[in-house]
Amino acid sequence: MSRLKALKAALLKAEDAIKKALWADFHKPPFEVDVTEMTATIFELDHAIRYLKSWMKPLNKPTPLYLMGTDTHVSYFPKGPSLIIAPWNYSILLTIGPIVHATAAGCPFVVKPSENTPEASLVIKNIIESVFPPEEASVFLGGKDVATELLAQPFSHLHFTGSAAVGKIVMKAGAQNLSSVTLELGGKSPTYVDATADLKLAAESICFGKFSNSGQTCIAPDYILADRRIYKALLKELKLNISYRYGATFEDRHGDDYARIVQRPHFNRLVTALEDAKSKGATVEFGGGSDASDLFIEPTILTDVPAGATLMQEEIFGPILPVLVIDSVEEAIQQIQQLPPPLSTYVFSKSVEQSRKLSAGVRTGAVCTNTTLLQFIQPFGPFGGEGNSGIGRSHGEAGFRAFSNEQVVLRRKWGARLLNFASPPYSRTTTWFTRLLQKLS
Ligand code: NAD
């Protein structure tokens with residue numbers, strides 16, 4: 001608990017350094033840092049500080065009739081030395097978040113922040129080294145090579161946040177030492193907008209979820225499935241909302257309230273994917289411009305994007321938003337199911353029945369109705385994906401459990417000798433007795 005409180009104090013003290021670092025790394029607006037890095041991390045820390053005692057308490061379990069005379073509880077123990085490999089896109093939140101849970105569970109840890117945001121990773125190193133003694137935590141800076149060396153060590157638990165491709169490497173490495181793994185991966189989070197939706201609200205929430213951090217968010221709306229009846233009206237609202245947020249012209253949008261793409265290879269990947277979609281028949285409804293000199297890609301809306309375009313096959317992870325037309329919730333479900341299970345699925349609808357239908361029909365880590373991104377900061381809801389979007393759960397109590405081993409403690413107090421009857425010398429009475437036990441279960 002004292003470490004968590006010290007971590008919170010160190011994080012708050014480093015606020016200016018964090019803002020400067022993220023501005024240097026990819027021009028992340030300081031206000032966005034306030035909301036999506038500082039505040040979200042403080043939420044996670046405060047929640048753990050408040051609930052840690054209750055998470056640690058042994059849980060009493062009920063006793064079945066055939067174990068009469070015993071009692072059982074489950075205790076939680078730290079898994080042991082853990083490795084945390086973090087991504088760059090929310091460097092602070094996604095590095096400090098798992099550290100909160102490893103610390104809460106009592107695990108010493110090694111952390112490797114991302115090489116793509118070097119300034120922020122350096123601030124993280126300073127924060128961790130100011131709070132934890134070396135035997136409890138160490139920070140290794142670097143990229144793939146450093147991660148590979150760390151993965152060869154026998155950690156008890158591996159917590160990885162990043163792409164599915166690297167997630168597979170982490171899981172393979174974990175198999176060598178039979179380490180448990182939590183994989184927080186990404187994917188294409190779809191957004192269904194039906195004919196009853198409040199379109200202003202939908203546009204506002206979608207633009208917030210898609211263009212904050214310049215679309216480089218694991219749960220950003222990846223593409224929209226819009227009901228044919230409101231398709232045109234939704235496009236109009238989206239364009240109005242982007243202009244309101246970032247400006248009416250390319251020059252205005254090329255301003256300080258909007259993050260840049262993190263590194264040149266990511267910028268090139270996005271521009272190539274945009275050109276690929278256009279060459280396959282996509283229409284640019286809004287934006288489409290970029291400036292390679294400072295890795296700027298303006299908020300972009302596309303229609304008529306064919307299923308074969310790279311943008312519809314891979315996670316976009318940038319500020320390009322394809323809007324597709326569909327005719328029913330059934331068609332939305334069918335379309336979503338053609339791709340691997342997404343980390344999150346968004347629904348905009350006034351019909352409870354429509355969103356229930358979609359939740360029931362889609363395999364996904366979370367379904368979020370009439371808003372975006374907020375599932376991430378709901379600390380009581382376990383966060384994670386399925387298959388390609390992840391394995392295991394993080395945040396709040398789920399994060400604490402991921403770094404803990406459960407130990408069952410069963411104590412015989414009196415009686416409970418019934419099972420002793422099922423021992424040699426075997427006889428017809430033993431058989432009769434076992435049949436009786438089966439009936440008591
Ligand atoms: P990435 O997979 O490229 O890198 C993540 C981390 O893995 C970095 O620290 C990197 O140094 C390390 N790494 C890279 N290659 C490695 C290798 N061969 N062996 C071992 N480690 C290696 O991901 P990224 O670009 O930092 O982040 C973007 C991805 O992360 C997106 O797919 C996004 O959806 C996903 N993501 C998921 C969540 C979540 O909570 N589920 C959150 C943020 C990002």
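Order of listing sets the numbers, starting from 1, for every ligand and every atom in it.
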Centroid separation under 6.0 Å, is that true for the rings of Phe296 and His254? yes
Report yes if some heavy atom in the side chain of Ile326 is under 4.5 Å from a heavy atom in the side chain of Tyr231; otherwise report no. no
Could you tell me whether the side chain of Glu331 and the main chain of Asp327 form a donor-acceptor pair under 3.5 Å? yes
Extract all N/O-N/O pairs under 3.5 Å that connect ligand 1 to the protein, and present each with both atom names and the distance rounded to 0.1 Å.
{"from": "ligand 1", "atom 1": "2 (O)", "to": "Ser163", "atom 2": "N", "distance (Å)": "2.8"}
{"from": "ligand 1", "atom 1": "2 (O)", "to": "Ser163", "atom 2": "OG", "distance (Å)": "2.6"}
{"from": "ligand 1", "atom 1": "9 (O)", "to": "Ala86", "atom 2": "O", "distance (Å)": "2.7"}
{"from": "ligand 1", "atom 1": "9 (O)", "to": "Lys112", "atom 2": "NZ", "distance (Å)": "3.0"}
{"from": "ligand 1", "atom 1": "11 (O)", "to": "Lys112", "atom 2": "NZ", "distance (Å)": "3.0"}
{"from": "ligand 1", "atom 1": "11 (O)", "to": "Glu115", "atom 2": "OE1", "distance (Å)": "2.7"}
{"from": "ligand 1", "atom 1": "11 (O)", "to": "Glu115", "atom 2": "OE2", "distance (Å)": "3.4"}
{"from": "ligand 1", "atom 1": "25 (O)", "to": "Trp88", "atom 2": "NE1", "distance (Å)": "3.2"}
{"from": "ligand 1", "atom 1": "26 (O)", "to": "Trp88", "atom 2": "N", "distance (Å)": "3.4"}
{"from": "ligand 1", "atom 1": "30 (O)", "to": "Gly162", "atom 2": "O", "distance (Å)": "3.3"}
{"from": "ligand 1", "atom 1": "32 (O)", "to": "Glu315", "atom 2": "OE1", "distance (Å)": "2.7"}
{"from": "ligand 1", "atom 1": "34 (O)", "to": "Glu315", "atom 2": "OE1", "distance (Å)": "3.4"}
{"from": "ligand 1", "atom 1": "34 (O)", "to": "Glu315", "atom 2": "OE2", "distance (Å)": "2.5"}
{"from": "ligand 1", "atom 1": "41 (N)", "to": "Glu184", "atom 2": "OE1", "distance (Å)": "3.4"}
{"from": "ligand 1", "atom 1": "41 (N)", "to": "Leu185", "atom 2": "N", "distance (Å)": "3.4"}
{"from": "ligand 1", "atom 1": "41 (N)", "to": "Leu185", "atom 2": "O", "distance (Å)": "2.6"}

Side-chain contact test, heavy atoms from C-beta onward, threshold under 4.5 Å: evaluate it for Asp25 versus Trp88 and give yes or no. no
If the condition is side-chain hydrogen bond (donor to acceptor under 3.5 Å, both in side chains), which residues does Glu37 pass it with, not counting sequence neighbours? none
Is a side-chain donor or acceptor of Arg269 paired with a backbone partner of Ile316 at a separation under 3.5 angstrom? yes
